[in-house]
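Heads up: the structure comes next, in structure tokens.
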Amino acid sequence: MDIFEELRADHEIQRDLIARLVETTGDSEERKAVFSRLSEALEAHAAAEERYFYVPLMESDLTQDKARHSVAEHKELDDFVEQLEEYDRTAPAWLETARDLEHRLTHHLDEEEHEVFQLAGKALTETQKTDLASEYRAMMRERMDP
């Protein structure tokens, strides 16, 4: 697998989790469990993606701006997660913020897949694409299965 396939696989997990999250209600065990999994997945993915995808892309003039933009979006997503951690899970603001997170997350993932990946495909060599995939997956395993 190359780095794009690895990232897309994790993006699909995130899309599934956020879709499930906004369907949960109140202070249910399901809401708690899905939010915990999503929060963990987003944190691990952002850290590994920044290290093994965006750092190399920042070294290329072709991809530097898109890479910086995407890393900034990771911070925005993290801010939404932090808000959700602070809110009462039964409050209307919780679900409203979860829906805002869903909107921002799906926008971010779509933008990466439709814009960043195309430029990155030109900036990275075939060897880099497979090497970065291996390093990315190793870091994800380490963070998700301690």
Side-chain angles (χ1 to χ4, degrees), residues 1-25 28-87 89 93-146:
M1 287 179 78
D2 69 19
I3 188 66
F4 305 114
E5 294 165 317
E6 290 287 355
L7 295 174
R8 271 194 194 95
D10 284 343
H11 288 177
E12 287 309 308
I13 292 167
Q14 293 169 29
R15 284 184 176 101
D16 176 62
L17 288 170
I18 191 64
R20 288 175 47 204
L21 184 67
V22 298
E23 295 300 318
T24 62
T25 57
S28 65
E29 285 303 313
E30 182 187 15
R31 179 171 279 184
K32 199 180 303 183
V34 173
F35 178 68
S36 177
R37 285 188 56 215
L38 176 64
S39 176
E40 183 180 290
L42 289 175
E43 182 185 345
H45 175 76
E49 184 177 57
E50 286 174 18
R51 183 167 182 180
Y52 295 114
F53 187 61
Y54 286 119
V55 166
L57 294 183
M58 286 185 193
E59 295 171 6
S60 168
D61 288 342
L62 179 65
T63 52
Q64 189 176 73
D65 289 342
K66 287 283 186 193
R68 286 186 174 149
H69 174 76
S70 292
V71 169
E73 285 186 344
H74 284 172
K75 172 68 174 108
E76 287 177 18
L77 296 170
D78 188 46
D79 290 345
F80 278 110
V81 170
E82 285 181 15
Q83 283 181 322
L84 289 170
E85 287 170 347
E86 293 172 12
Y87 290 161
R89 278 192 291 274
W94 197 95
L95 185 57
E96 185 179 315
T97 303
R99 286 189 176 128
D100 289 343
L101 173 59
E102 179 183 36
H103 174 76
R104 293 300 301 151
L105 178 58
T106 55
H107 161 82
H108 172 73
L109 300 177
D110 290 347
E111 188 174 67
E112 278 186 347
E113 292 171 0
H114 299 139
E115 296 176 26
V116 180
F117 285 11
Q118 279 65 30
L119 289 175
K122 296 173 186 170
L124 300 171
T125 67
E126 292 306 311
T127 301
Q128 283 177 302
K129 292 173 192 175
T130 55
D131 290 351
L132 291 170
S134 298
E135 292 168 324
Y136 169 85
R137 182 54 47 207
M139 185 172 174
M140 284 298 291
R141 279 193 199 103
E142 182 180 299
R143 292 185 73 110
M144 296 297 289
D145 303 319

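Just so you know, these numbers come straight off a predicted model, no measurement behind them.
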Side-chain donor-acceptor pairs of residues 132-140 under 3.5 Å, sequence neighbours excluded:
from, atom 1, to, atom 2, distance (Å)
Ser134, OG, Thr130, O, 3.3
Tyr136, OH, Asp10, OD2, 2.4
Tyr136, OH, His45, ND1, 2.6
Arg137, NE, Glu6, OE1, 2.6
Arg137, NH2, Glu6, OE1, 2.8
Arg137, NH2, Asp10, OD1, 3.4
Arg137, NH2, Asp10, OD2, 3.2

Check whether any side-chain N or O of [X] sits under 3.5 Å from a backbone N or O of [Y] as a donor-acceptor pair, and report yes or no.
X	Y	value
Ser70	Ala67	no
Thr63	Leu57	yes
Arg104	Glu76	no

[X]: partners by side chain to side chain donor-acceptor pair (under 3.5 Å), with sequence neighbours left out:
X	result
Ser39	none
Glu29	Lys32
Glu50	His74

**OP:** For Arg37, look at atom CZ and say whether over 12 heavy atoms of other residues, nucleotides or ligands are found less than 6.0 Å away.
**Re:**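 Counting neighbours around CZ of Arg37, 12 or fewer heavy atoms of other residues, nucleotides or ligands fall under 6.0 Å, so no.
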Looking at every heavy atom in both [X] and [Y], which two are closest together, and how far apart are they?
X	Y	answer
Tyr52	Ile3	O-CD1, 4.2 Å
Ala44	Met144	CB-SD, 3.6 Å
Gly121	Phe4	N-CZ, 3.6 Å
Thr25	Ser28	O-OG, 3.0 Å

Subject >> Counterpart residues, side-chain contact (heavy atoms from CB on, under 4.5 Å), relative to Thr127 (two or more places apart) >> reply: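 For Thr127 the side-chain contact (heavy atoms from CB on, under 4.5 Å) partners, ignoring immediate neighbours, are Thr125, Asp131.
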Subject >> side-chain contact (heavy atoms from CB on, under 4.5 Å) partners for Arg99, two or more places apart >> reply: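 For Arg99 the side-chain contact (heavy atoms from CB on, under 4.5 Å) partners, ignoring immediate neighbours, are Val22, Leu95.
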Subject >> Flag side-chain contact, heavy atom, 4.5 Å: Glu102 against Leu21 >> reply: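 Counting from C-beta outward, Glu102 and Leu21 never come under 4.5 Å.
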**OP:** Would you check, one step at a time, whether the test side-chain contact (heavy atoms from CB on, under 4.5 Å) holds for Glu23 with Val34?
**Re:** CA-CA 10 Å; Glu23 295 300 318; Val34 173; over 6 Å; no
Taking salt bridge (Lys or Arg N to Asp or Glu O under 4.0 Å) as the test, write out the residues that go with [X], two or more places apart.
X	result
Asp79	Lys75
Arg20	Asp16
Glu43	Arg143
Glu126	Lys129

**OP:** Please name all residues satisfying ring-ring contact (aromatic ring centres under 6.0 Å, His included) with Phe35, sequence neighbours left out, ordered by chain then number.
**Re:**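 Applying ring-ring contact (aromatic ring centres under 6.0 Å, His included) to Phe35 gives Trp94.
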Would you list the atom pairs, donor with acceptor, under 3.5 Å between side chains in residues 111-119 and any protein atom, with sequence neighbours excluded?
from, atom 1, to, atom 2, distance (Å)
Glu111, OE1, His69, NE2, 2.9
Glu112, OE1, His11, NE2, 2.8
Glu112, OE2, Tyr54, OH, 2.7
Glu112, OE2, His108, NE2, 3.0
Glu113, OE1, Arg15, NH2, 3.1
Glu113, OE2, His11, ND1, 2.7
Glu113, OE2, Arg15, NH1, 3.1
His114, ND1, Asp110, O, 3.2
Glu115, OE1, Lys66, NZ, 2.4
Gln118, OE1, Glu115, N, 3.4

Subject >> side-chain contact (heavy atoms from CB on, under 4.5 Å) evaluation trace for Ile18 with Leu38 >> reply: CA-CA 7 Å; Ile18 191 64; Leu38 176 64; 3.6 Å; yes
Original post:
Between CG of Asp2 and CG of Leu124, what distance do you get to the nearest 0.5 Å?
Top reply: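 With rounding to 0.5 Å, CG (Asp2) is 9.5 Å from CG (Leu124).
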Original post:
Is there a side-chain contact (heavy atoms from CB on, under 4.5 Å) between Glu73 and His107 once you walk through the steps?
Top reply: CA-CA 10 Å; Glu73 285 186 344; His107 161 82; 3.3 Å; yes
